[in-house]
Amino acid sequence: SKDTLRAWLRAEIMTLLNTEAQIAVGVRAAALMASPLVKENPMVKKALAEMPIPCGIDPTTAISEVLVGVSGVEASDPDVSLVITGLSLETISACAASPEAQGKVVIDGNYVTIGQGDDVQIAYYVTPTTMVTVRKGDASMDKAGLAALVAAHQGPAGIVGQLLGQAKF
């Protein structure tokens, strides 16, 4: 069934989180945005209002779900893995082509680099609407590291590849 395929896909995508994660959290963005935690909290409202958002993309509506894995929680700069669903590669590509994003959003196949200089984050799109990104301490994981991370999850042998080849969501 469609629900079974979705559950398998979600379980496989969760394996993209750091296997040594001490904390793992999944958040459905719509539920969070509708909760009193966000709707009635002036600090959260202020933080969202001040968030620099390129190309008019509203992360509160563009992102459907975020999975977070954190390891090294005792360190000042823990490792953080994010699997983000909903914000499509197509949307990010359109943003990268806009004048306001020149040099700040760069697309290289399924890789997206956001930021400039020493402050960059690299993400890899596993599906057209699911990206994974990892912050190792105070730096983004590079393309080679991301490629190694997702290699087991793609292609004909990977569960994600098999499900996406068959499923119609």
Side-chain angles (χ1 to χ4, degrees), residues 6 9-33 47-48 50-98 100-155 158-161 163-164 169:
R6 283 185 182 160
L9 181 59
R10 180 169 285 119
E12 180 64 14
I13 287 174
M14 283 186 66
T15 65
L16 292 169
L17 294 178
N18 184 340
T19 57
E20 298 175 6
Q22 295 163 299
I23 300 171
V25 177
V27 178
R28 291 186 182 224
L32 178 64
M33 298 313 295
L48 288 171
E50 294 173 355
M51 187 183 304
I53 302 170
C55 308
I57 296 171
D58 182 355
T60 65
T61 58
I63 294 172
S64 57
E65 189 171 27
V66 178
L67 300 172
V68 182
V70 182
S71 61
V73 294
E74 64 284 343
S76 61
D77 285 319
D79 295 347
V80 179
S81 305
L82 295 174
V83 180
I84 301 168
T85 60
L87 182 57
S88 72
L89 179 57
E90 181 180 347
T91 300
I92 292 290
S93 295
C95 175
S98 74
E100 81 175 88
Q102 286 296 321
K104 297 176 189 169
V105 180
V106 178
I107 307 295
D108 180 11
N110 284 12
Y111 293 96
V112 177
T113 303
I114 300 171
Q116 291 180 311
D118 291 336
D119 188 23
V120 298
Q121 189 65 39
I122 301 171
Y124 182 84
Y125 271 86
V126 179
T127 74
T129 59
T130 302
M131 73 170 114
V132 61
T133 185
V134 179
R135 196 121 184 118
K136 303 289 279 175
D138 65 350
S140 177
M141 181 180 276
D142 63 14
K143 288 181 183 180
L146 285 173
L149 176 68
V150 300
H153 303 278
Q154 291 190 312
I159 293 172
V160 171
L163 290 177
L164 290 176
F169 298 108

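Listed by chain and number, the residues in a side-chain hydrogen bond (donor to acceptor under 3.5 Å, both in side chains) with Ser64 are Thr85 (sequence neighbours excluded). Under the side chain to side chain contact (heavy atoms under 4.5 Å, CB included) criterion, Val73 pairs with Gln22, Ile23, Val70, sequence neighbours left out. Every side chain to side chain contact (heavy atoms under 4.5 Å, CB included) that Leu32 has, sequence neighbours left out, goes to Val27, Ser35, Leu37, Val38. Checked against side-chain hydrogen bond (donor to acceptor under 3.5 Å, both in side chains), Thr133 has the following partners two or more places apart in sequence or in another chain: Gln121.
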Donor-acceptor contacts under 3.5 Å from residues 86-97 side chains, at least two apart:
residue: Ser88; atom: OG; partner: Thr91; partner atom: N; Å: 3.0
residue: Ser88; atom: OG; partner: Thr91; partner atom: OG1; Å: 2.8
residue: Ser93; atom: OG; partner: Leu89; partner atom: O; Å: 2.8

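With Val83 as reference, Thr130 is the one residue of Thr130, Val68, Val66 to meet the side chain to side chain contact (heavy atoms under 4.5 Å, CB included) rule.
Taking both residues in full, the closest heavy atoms of Ile122 and Leu146 are given as O-CD1, 3.5 Å, listed atom of the first, atom of the second, then distance. Minimum interatomic distance between Tyr125 and Met131 (heavy atoms only, all atoms of both residues): OH-CE, 3.3 Å. Contact record, Val120 with Gly115: CG1-C, 3.6 Å, taken as the closest heavy-atom pair.
Of the possible donor and acceptor atoms, one in the side chain of Thr61 sits under 3.5 Å from a partner among the backbone N and O of Asp58. Put simply, the side chain of Asp79 never gets that close to the backbone of Ser71: no donor and acceptor are under 3.5 Å apart.
Atoms CG and CZ, from Leu67 and Arg28 in turn, are 9.5 Å apart once rounded to the nearest 0.5 Å.
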